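The structure displayed is predicted, hence computed values, not measured ones. Per chain, numbering begins at 1; letters A, B, ... match sequence-line order. Basis for what follows: all heavy atoms, side chains included, without hydrogens, waters or symmetry-related copies.
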Amino acid sequence: MKLATWNVNSLTVRLAHVLDWLAANPVDVLALQELKLTDDKFPHAAFAQAGYSCQCFGQKTYNGVALISRTPAWAVVKNIPGFDDDMARVISATFTLSTAPAEYSANESSLRNLNKGLRVICAYFPNGQEPGSDKFEYKLAWLDGLRAWLRTELQTYPNLVLMGDYNITFDDADVWDPEGMRDQIHCTDEERYHLQALITLGLVDAHRLFAQPPKSYSWWDYRDMAFRRNRGMRIDHILVSNALKTLVTACHIDKTPRKNERPSDHAPVVVDLQDPPRA
DNA sequence: ATGGCTAGGTTTCCTAGA
């Protein structure tokens with residue numbers, strides 16, 4: 001089973017890129033961020049033609065997230081329960097495992113009660129703009145809300161994947177210029193503390209389970225030929241629950257679509273996962 | 001150098017991204 005996450009920076013502009021990428025990389029679930037469109041504008045028909053169904057949580061101009069999948073999504077939840085937010089940043093759903101018997105895909109309660117499903121959370125973490133700003137305070141409050149909710153989600157769904165645009169680097173290895181970015185947005189101790197706190201809840205960074213090329217990044221600024229010079233940061237992550245850790249067989253960042261005409265500034269991150277054993 | 005692109009809306013400049 002393959003899962004991927006991609007901040008597309010406007011699905012309106014990037015729809016053809018996403019469809020091309022899915023044709024070449026037929027993942028089971030694709031998490032999209034920064035749709036920048038409302039639900040009524042979501043291109044369901046184009047994805048249906050490619051064999052995918054979609055759960056979307058859109059917003060005009062900013063934010064917006066979606067889960068694109070080959071199998072139906074169950075128990076869809078939008079945003080973080082318990083955290084009041086007027087931005088569309090999170091969408092979650094349970095998916096049938098590819099090897100699950102047909103009867104387990106029959107309905108939502110069987111997935112939940114028999115623990116045969118995979119819970120997937122697609123998240124677009126706040127940018128934060130600048131340490132000390134109102135948006136930074138919002139980012140920290142949002143991270144508090146996410147952690148409180150995840151604590152219980154992990155109890156409900158042991159097989160859980162949290163993927164998306166985190167807008168946080170783990171450490172200096174995720175930054176092309178650690179000295180220049182020290183204490184800057186995405187690289188502050190406070191943000192990294194929050195990211196580590198998610199790990200402490202019982203999640204692991206799929207990327208670091210494997211040997212990766214040096215200077216592996218998922219985002220490059222549009223300016224100053226940053227992609228060509230590989231001046232980027234790794235801020236898009238796939239975290240899997242501890243129960244899934246030994247089932248992850250690969251994880252990579254696909255830089256190919258960043259070479260397109262009019263690319264997103266982010267690249268997709270892809271994880272390969274074996275099905276969890278049946279309880 | 002507080003700039004350098006890109007996208008969307010309030011559109012010929014503004015906010016926001018990261």
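Contact annotation: A:Tyr124 reaches the phosphate of B:dA18 (side-chain N/O to OP1 or OP2, under 4.0 Å). Between B:dA18 and A:Asn7, a contact under 4.0 Å exists linking OP1 or OP2 to a side-chain N or O. Note on A:Asn9: every side-chain N or O is 4.0 Å or more away from OP1 and OP2 of B:dT6. The side chain of A:Ser10 places an N or O atom within less than 4.0 Å of a non-bridging phosphate oxygen (OP1 or OP2) of B:dG8. The side chain of A:His186 contributes no N or O atom lying less than 4.0 Å from OP1 or OP2 of B:dG17. Between A:Arg14 and the phosphate of B:dA7, there is a side-chain N or O to OP1/OP2 separation shorter than 4.0 Å. Contact check, A:Lys135 against B:dT15: no side-chain N or O comes under 4.0 Å of OP1 or OP2.
Of the two residues near DNA chain B, A:Thr61 and A:Pro126, the one whose nearest nucleotide lies more 5' is A:Thr61. Nucleotides of DNA chain B nearest to A:Arg223 and A:Lys36 differ in position, and the one nearer the 5' end is that of A:Arg223.
Residue-level contact check: A:Asn127 touches the bases, meaning some heavy atom is under 4.0 Å from a base atom. A:Gln184 comes within contact range of no nucleotide atom at all, as no heavy-atom separation falls under 4.0 Å. Residue A:Asp165 is in sugar-phosphate contact alone, with no base atom involved, counting any heavy-atom pair closer than 4.0 Å across all strands shown.
Across B:dG9, B:dT15, B:dA18, the shortest atom-to-atom separation from the side chain of A:Tyr62 is found for B:dT15.
Atom CG of A:Asp134 and atom C1' of B:dG17 are 17 Å apart (whole Å). Between the CD atom of A:Glu130 and the C1' atom of B:dA18 there is a distance of 12 Å, rounded to whole Å. Between the CG atom of A:Asn260 and the P atom of B:dT6 there is a distance of 14 Å, given to the nearest Å. Spacing between atom CE of A:Met181 and atom C1' of B:dG17 amounts to 13 Å, rounded to whole angstrom units.
Using a 4.0 Å cut-off between a side-chain N of Lys or Arg and a carboxylate O of Asp or Glu, A:Asp177 and A:Arg182 do not qualify as a salt bridge. At a threshold of 4.0 Å, the pair A:Asp165-A:Arg89 does not count as salt-bridged, since none of the basic side-chain nitrogens sits closer than that to a carboxylate oxygen.
Residues A:Arg119 and A:Leu154 form no side-chain contact, since every pair of their non-hydrogen atoms from C-beta on lies 4.5 Å or further apart. Looking only at side-chain heavy atoms (C-beta outward), A:Trp149 and A:Phe83 stay at 4.5 Å or farther from each other.
Under the 4.5 Å side-chain heavy-atom criterion for grouping Ile, Leu, Val, Met, Phe, Trp and Tyr, A:Leu67 is connected to A:Leu244 within one hydrophobic cluster.
For the atom pair A:Leu35 CG and A:Tyr62 OH, the distance stands at 15.5 Å (nearest 0.5 Å).
Comparing the P positions of B:dT2 and B:dT11 gives an interatomic distance of 29 Å, to the nearest angstrom. Here the separation of B:dG8 from B:dA18, taken at their P atoms, is 14 Å to the nearest Å. Here, B:dA7 and B:dA1 have their P atoms 30 Å apart, quoted to the whole Å. Spacing between B:dA16 and B:dT10 at atom C1', rounded to whole Å, works out to 14 Å.
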